[in-house]
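Index from 1, following the sequence.
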Amino acid sequence: MAGDQLGDLADVHLDEATSDDEANHGREDTPWRVHDLAYTPAVAQVGATRPIGQYERLSAEVHEWDPRTVEVAARVAELVRERRPDLTVEHIGSTAVPGLPGKGIVDLSIETTPEDIPGVVAVLYELGFGPQPGPDPWPPTRPMPVGSLELDGTLYRIHLHVQPRGGDFARDIAFRDALRNDPELRSQYEGLKRGITSGGAVEGLRYTHSKTRWILNVYRQLGYAPPPIAPPATIGILGGGQLGRMLALAGRELGYRIAILDPDPHAPATAIADVVEVAAYDDVAAAQRLAAQCSVITYELEHVGQGVGVALDDRRRPIRPGPYPLKLTADRLAERRFVEANEGRVAAWREVASPAEILRAAAELGYPLRLKAVRGGYDGRSQARLGGTEALAEVDGRFGWPALLERDLAFEAELSVIVARNVDGVSRTFPVARNQHDRGILVETAVPAGVPRSVEEGAANLAESLATSMGLIGTLTVELFLMPDGSLLVNELAPRVHNSGHWSIEGAVTSQFEQHLRAICGLPLGSVEMRAPAAAMVNLLGEGAPRPAHPTGVYEALEVPDAHLHIYDKATVFERRKMGHVTALGGSVDEAVARAREAAAHIGWAPAPAEAAAMADA
């Protein structure tokens, strides 16, 4: 499962949950290496020396229990024992429970010492097993080789979990035995599975994570629920900007210690932190030093180096919302494929790798279009609007290839919705917000959004579905376009707290920042009810040339009723930099927006000393 596996518990790992062919963990571009072993699935490999055949990833469908899966499990166990008599292969998952429907995958598990895991995997590769495919494979410290075995003309897919001692092995056996011995429990599980796939085959991760809540409840009954991460544990945050600062402040209120990684020694969050690791976001060694001091790792931005996410996904401590959400949302092409695979809609798009491909795609999509870099960029950066062919000369060379080209939409409103999902699979969604942007930068947010109830419900359901499908633990922000026909299209996903949720600090019973920490620490989620009929947020953007940041107008801003000022303590102000925000409450959206705007209008930034002296002389 995506996320940090059972350390979270939301990473359900049993049954098909443990072994779903889409329930992968980590990076697909980081192969498991054992003595430089390589796996090239080929039918020719199957035979006397390689009895295990190739593996095929399929979508999730529920089938009746097949008793021949027991024979397959026994045959694989025999093959392993012939080479390693000291190992015990246990049959787990749905196929190990007579009468229980499931996906038909034969789930097996071996427990051994951490030092022996490479050797066990080497033996499995010799049999014909290969690396786990998919977007989010298990880490090398707890791999899951895959393969298949033919029996009576039928090809059975196999997942073989290799688990370190002290891991999830005992829990998986207990869960299997509980299902074998309790008909009512077995009936509940069958009903859950059939309900998830009642509309037909579903994407694998969605199938897996939709079962999380029920499975984790059974784990608790069996005595396998891990304790929450309680204060004064240290929370590590990758990124020390304003989002990291507000997360740190929320953590302080709950009694947690804070560790920050950021390349800027004076980043906003560093003043709140106990530990500051000054390093680039792709510095693996620095991230590991930070993690060694923490009980859980989270992040305030998606642009963490890919190697960092992989290195921290080592089961020593959880990384949440998870390595898979981080990897997925850092790549705009992968993000759009994920949304479409999980019943969401996006603007019509194409992957392009040259100006010539832009022209061909434009002929299909029609102008206007928007060209976006696949990685990096936010607040309108690394993208350009193309009104026609004449704009191509301006963008050639500005973007790396491939890039995302999508239709520029004539939408009715920009909305966002933030959902929190905890380790038990429980989700709570904040009220939908209406946003105003200026040249790609968020300037205002208002709640309620003033949309029909059906739109509110559709946005909340979509956010919960996407969070579930990626196995997210923490907060997910879904930026949406409301179209004239009332439909919703996804613009961007952010697996973190978000600018459009700042209103919740004063406007909701539980802020997005506290909710995120509750989720990643295994604590109950708080209420998302509003404290007033309406709330609004106005960003405070810098202006002018770079200079030391000294706000003016603070006294006047705080005279505005029910207005709350947040200054991010950035050392330097410059044009359009996010320097803070104002939130305001009111009896209506118009009143809340007016108060927030009034307070924000008072805030300015003092001129540079030389400029101030010149003004005084004048």
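Ion pairing between R332 and E406 fails under the 4.0 Å rule for side-chain N and carboxylate O. A salt bridge does not link R428 to E464: none of the charged nitrogens lies less than 4.0 Å from a carboxylate oxygen. The pair R245-E300 does not count as a salt bridge, with every side-chain nitrogen at least 4.0 angstrom from each carboxylate oxygen. Ion pairing between E302 and R496 holds under the 4.0 Å rule for side-chain N and carboxylate O. Between R595 and E591 there is a salt bridge, since at least one side-chain N of the basic residue sits less than 4.0 Å from a carboxylate O of the acidic one. Salt-bridge formation is detected for the pair R597/E444: a Lys NZ or Arg NE/NH1/NH2 atom is positioned less than 4.0 Å from an Asp or Glu carboxylate oxygen. Ion pairing of K327 with D313 is absent here, as no side-chain N (NZ or NE/NH1/NH2) approaches a carboxylate O to less than 4.0 Å.
Not a single donor-acceptor pair under 3.5 Å links the side chain of D438 to the backbone N or O of I441. Side-chain atoms of E479 never come within 3.5 Å of backbone atoms of S416 as a donor-acceptor pair (strictly under, hydrogens ignored). Side-chain N or O atoms of T234 include none that pairs as donor or acceptor with a backbone N or O of S295 at under 3.5 Å. At distances below 3.5 Å, at least one donor-acceptor pair connects side-chain atoms of D262 with backbone N or O atoms of G240. A distance-only check finds no donor-acceptor pair linking the side chain of R345 to the backbone of E343 [under 3.5 Å]. Side-chain N or O atoms of T583 include none that pairs as donor or acceptor with a backbone N or O of A536 at under 3.5 Å. Without hydrogens or angle criteria, R531 side chain to A508 main chain gives a donor-acceptor distance under 3.5 Å. Side-chain atoms of R375 do not come within 3.5 Å of backbone N or O of G400 as any donor-acceptor pair. Looking only at distances, a side-chain donor or acceptor of R407 sits under 3.5 Å from a matching main-chain atom of L365. Judged by distance alone, the side chain of R213 and the main-chain N or O of V426 form no donor-acceptor pair under 3.5 Å.
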**Request:** Report the C-alpha distance between H564 and H566 in whole Å, list the side-chain angles of each, state the deciding distance to 0.1 Å, and finish with yes or no for side-chain contact (heavy atoms from CB on, under 4.5 Å).
**Result:** CA-CA 7 Å; H564 305 267; H566 298 260; 4.3 Å; yes
**Request:** Take E543 and R576 through the salt bridge (Lys or Arg N to Asp or Glu O under 4.0 Å) test and state the conclusion after the steps.
**Result:** CA-CA 6 Å; E543 43 77 28; R576 297 178 65 76; over 6 Å; no
**Request:** Take L238 and T298 through the test side-chain contact (heavy atoms from CB on, under 4.5 Å) and record every step on the way to the result.
**Result:** CA-CA 6 Å; L238 303 177; T298 191; over 6 Å; no
**Prompt:** How far apart are the C-alpha atoms of H498 and Q512, what are their side-chain angles, what is the distance that settles it, and do they pass the side-chain hydrogen bond (donor to acceptor under 3.5 Å, both in side chains) test?
**Reply:** CA-CA 8 Å; H498 194 264; Q512 65 165 338; over 6 Å; no
**Request:** Might you work through the side-chain hydrogen bond (donor to acceptor under 3.5 Å, both in side chains) test for S487 and D485, ending with a clear yes or no?
**Result:** CA-CA 6 Å; S487 63; D485 63 0; 2.6 Å; yes
**Request:** With side-chain contact (heavy atoms from CB on, under 4.5 Å) as the test, would you mind laying out the steps for L312 and L290 before giving the verdict?
**Result:** CA-CA 10 Å; L312 297 184; L290 182 89; over 6 Å; no
**Chi angles and distances behind the side-chain contact (heavy atoms from CB on, under 4.5 Å) call for V554, I603** = CA-CA 6 Å; V554 171; I603 300 298; 4.2 Å; yes
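Residue R518 holds its CZ atom at 7.5 Å from CG of L525, rounded to the nearest 0.5 Å. How far CD of E414 is from CZ of R434: 10.0 Å, rounded to the nearest 0.5 Å. With rounding to the nearest 0.5 Å, the separation of SG in C521 from CD1 in I235 is 4.0 Å. If you take CD1 on I473 and CG on D424, they are separated by 9.5 Å, rounding to the nearest 0.5 Å. With rounding to the nearest 0.5 angstrom, the OG1 atom of T572 is 6.0 Å from the CZ atom of R577. Note that the CD atom of E559 and the CD atom of E556 stand 6.5 Å from one another [nearest 0.5 Å].
G366 and L369 make their closest contact through O-CD2, 3.1 Å (heavy atoms, listed as atom of the first residue, atom of the second, distance). Scanning both residues, A459 and V432, for their nearest heavy atoms gives CB-CG2, 3.9 Å. Taking all atoms of both residues into account, the shortest heavy-atom contact from T445 to S500 is CG2-O, 3.5 Å. Closest of all the heavy-atom pairs between E506 and L585 is O-CD1, 3.8 Å. Taking both residues in full, the closest heavy atoms of V374 and A403 are given as CG2-CA, 3.7 Å, listed atom of the first, atom of the second, then distance. Closest of all the heavy-atom pairs between A592 and A584 is O-CB, 3.5 Å.
Looking at heavy atoms from C-beta onward, V417 lies out of side-chain contact with F430 at the 4.5 angstrom threshold. Counting heavy atoms from C-beta outward, L405 and L386 have side chains that approach closer than 4.5 Å. Residues F513 and H502 have side chains in contact (heavy-atom distance under 4.5 Å, counting atoms from C-beta outward). Put simply, the side chain of V451 reaches to within 4.5 Å of the side chain of L415, judged on heavy atoms. Here the side chains of L261 and Y281 are in contact, with some heavy-atom distance below 4.5 Å. Within the 4.5 Å cutoff, the side chain of L472 has no heavy atoms near those of the L466 side chain. Looking at L247 and H516, their side chains come closer than 4.5 Å, going by heavy atoms from C-beta outward. Here the side chains of F338 and T329 are not in contact, with every heavy-atom distance at 4.5 Å or above.
Side-chain atoms of N499 and N539 form a donor-acceptor pair, as typed in the model, at a separation below 3.5 Å.
Atom CD of E457 sits in a crowded spot, with more than 12 heavy atoms from other residues, nucleotides or ligands closer than 6.0 Å. By the neighbour-count criterion of 12 heavy atoms within 6.0 Å, atom CD of E351 is densely surrounded, having more than that number from other residues, nucleotides or ligands. The neighbour count for H266 NE2, taken as heavy atoms of other residues, nucleotides or ligands under 6.0 Å away, does not exceed 12.
Here the two rings, on H581 and Y568, have centers that are under 6.0 Å apart. Taking the ring centroids of H209 and Y324, they lie at or beyond the 6.0 Å cut-off.
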